[in-house]
Colleague: 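Right, I'll just put the structure down here and ask away after.
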Amino acid sequence: MEKLSKNEEELMCIFWELDKALVRDVLNLLPEPKPPYTTLASSIKLLEKKGYLNHRTYGNIHEYYPIISQTDYRKKSLNDLIHNFFDGSAANVLSFMIKEKGISDKEIEELQKLIDDNLDPEKK
């Protein structure tokens, strides 16, 4: 799966929210300054070429819809991030977050509860 640019991710978020949309639907949801219609249409076609969208044709109108769920995209993106920047280690991610982000004691307790709940099959 080819990586998305920030702008492409923003477009995909619109498709994930709407489930299906015409180019003009997406254009209406974009903030000002809006891109030209043809530029947006080209970006959407590129998302289709990259395998993120497909379309149905009604006459000369294309209705686009995501073929990759937001959950699957999140999983892949997070796994890529962990692999590329944290040697594939979730512990390295948590250590970084605690040191760099300044996670609160409450957040650490919540993380510990998540870990405990996922390790103890009786709590599921």
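Heads up: numbering here begins at 1 and tracks the sequence.
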Colleague: For Ser104, is there any backbone N or O sitting under 3.5 Å from a side-chain donor or acceptor partner on Glu107?
Modeller: yes
Colleague: Are any of the side-chain nitrogens in Glu109 or Lys113 under 4.0 Å away from the carboxylate oxygens of its partner?
Modeller: no
Colleague: Verify side chain to side chain contact (heavy atoms under 4.5 Å, CB included) between Ile115 and Leu119, making sure each step is shown before the conclusion.
Modeller: CA-CA 6 Å; Ile115 291 167; Leu119 291 178; 3.8 Å; yes
Colleague: Going by heavy atoms in the side chains, are His55 and Lys45 under 4.5 Å from each other?
Modeller: no
Colleague: Is there a side-chain contact between Leu47 and Pro66, using heavy atoms and a 4.5 Å cut-off?
Modeller: no
Colleague: Going only through I, L, V, M, F, W and Y residues with side-chain contacts under 4.5 Å, is there a path from Met97 to Leu81?
Modeller: yes
Colleague: Mind jotting down which residue pairs meet the salt bridge (Lys or Arg N to Asp or Glu O under 4.0 Å) criterion with at least one end in residues 19-39? Sequence neighbours excluded, please.
Modeller: none
Colleague: With side chains defined as the heavy atoms from C-beta onward, is the minimum distance between Tyr52 and Ile67 less than 4.5 Å?
Modeller: no
Colleague: Give, for atom OG1 of Thr57 and atom CD1 of Ile61, the distance between the pair rounded to the nearest 0.5 Å.
Modeller: 10.0 Å
Colleague: Can you check whether Met12 reaches Tyr73 side chain to side chain, under 4.5 Å on heavy atoms?
Modeller: no
Colleague: If you look at every heavy atom in Ala21 and Val26, which pair is closest and at what distance?
Modeller: CB-CG2, 4.0 Å
Colleague: Look at the side-chain heavy atoms of Ile, Leu, Val, Met, Phe, Trp and Tyr, link any pair under 4.5 Å apart, and say whether Leu22 and Phe15 land in one connected group.
Modeller: no
Colleague: Please check: side-chain N/O of Ser95 versus main-chain N/O of Ala91, any donor-acceptor pairing under 3.5 Å?
Modeller: no
Colleague: So that I know where these two stand, are Phe96 and Phe86 an aromatic pair - ring centroids less than 6.0 Å apart?
Modeller: yes
Colleague: How far apart are the closest heavy atoms of Leu40 and Pro35, and which atoms are they?
Modeller: CB-CG, 4.3 Å
Colleague: Step by step, work out the side chain to side chain contact (heavy atoms under 4.5 Å, CB included) result for Ile14 and Leu30.
Modeller: CA-CA 9 Å; Ile14 292 172; Leu30 290 173; 3.6 Å; yes
Colleague: Would you mind listing every salt bridge (Lys or Arg N to Asp or Glu O under 4.0 Å) that reaches into residues 3-17, with sequence neighbours excluded?
Modeller: Glu8-Lys50
Colleague: With heavy-atom distances below 4.5 Å as the criterion, would you say the side chains of Leu11 and Ser43 are in contact?
Modeller: yes
Colleague: Hey, could you give me each pair passing salt bridge (Lys or Arg N to Asp or Glu O under 4.0 Å) that has a residue in residues 56-77? Not counting sequence neighbours.
Modeller: Arg56-Glu63, Lys76-Asp80
Colleague: Distance-only, no hydrogens or angles: does the Trp16 side chain make a donor-acceptor pair with backbone N or O of Thr71 under 3.5 Å?
Modeller: no
Colleague: Counting C-beta onward and ignoring hydrogens, is there a side-chain heavy-atom pair between Leu78 and Val93 closer than 4.5 Å?
Modeller: no
Colleague: So, do Asn92 and Phe85 sit near enough that their side-chain heavy atoms are less than 4.5 Å apart?
Modeller: no
Colleague: I want to check something: taking the side chain as every heavy atom from C-beta on, are Asn54 and Tyr64 in contact at a cut-off of under 4.5 Å?
Modeller: no
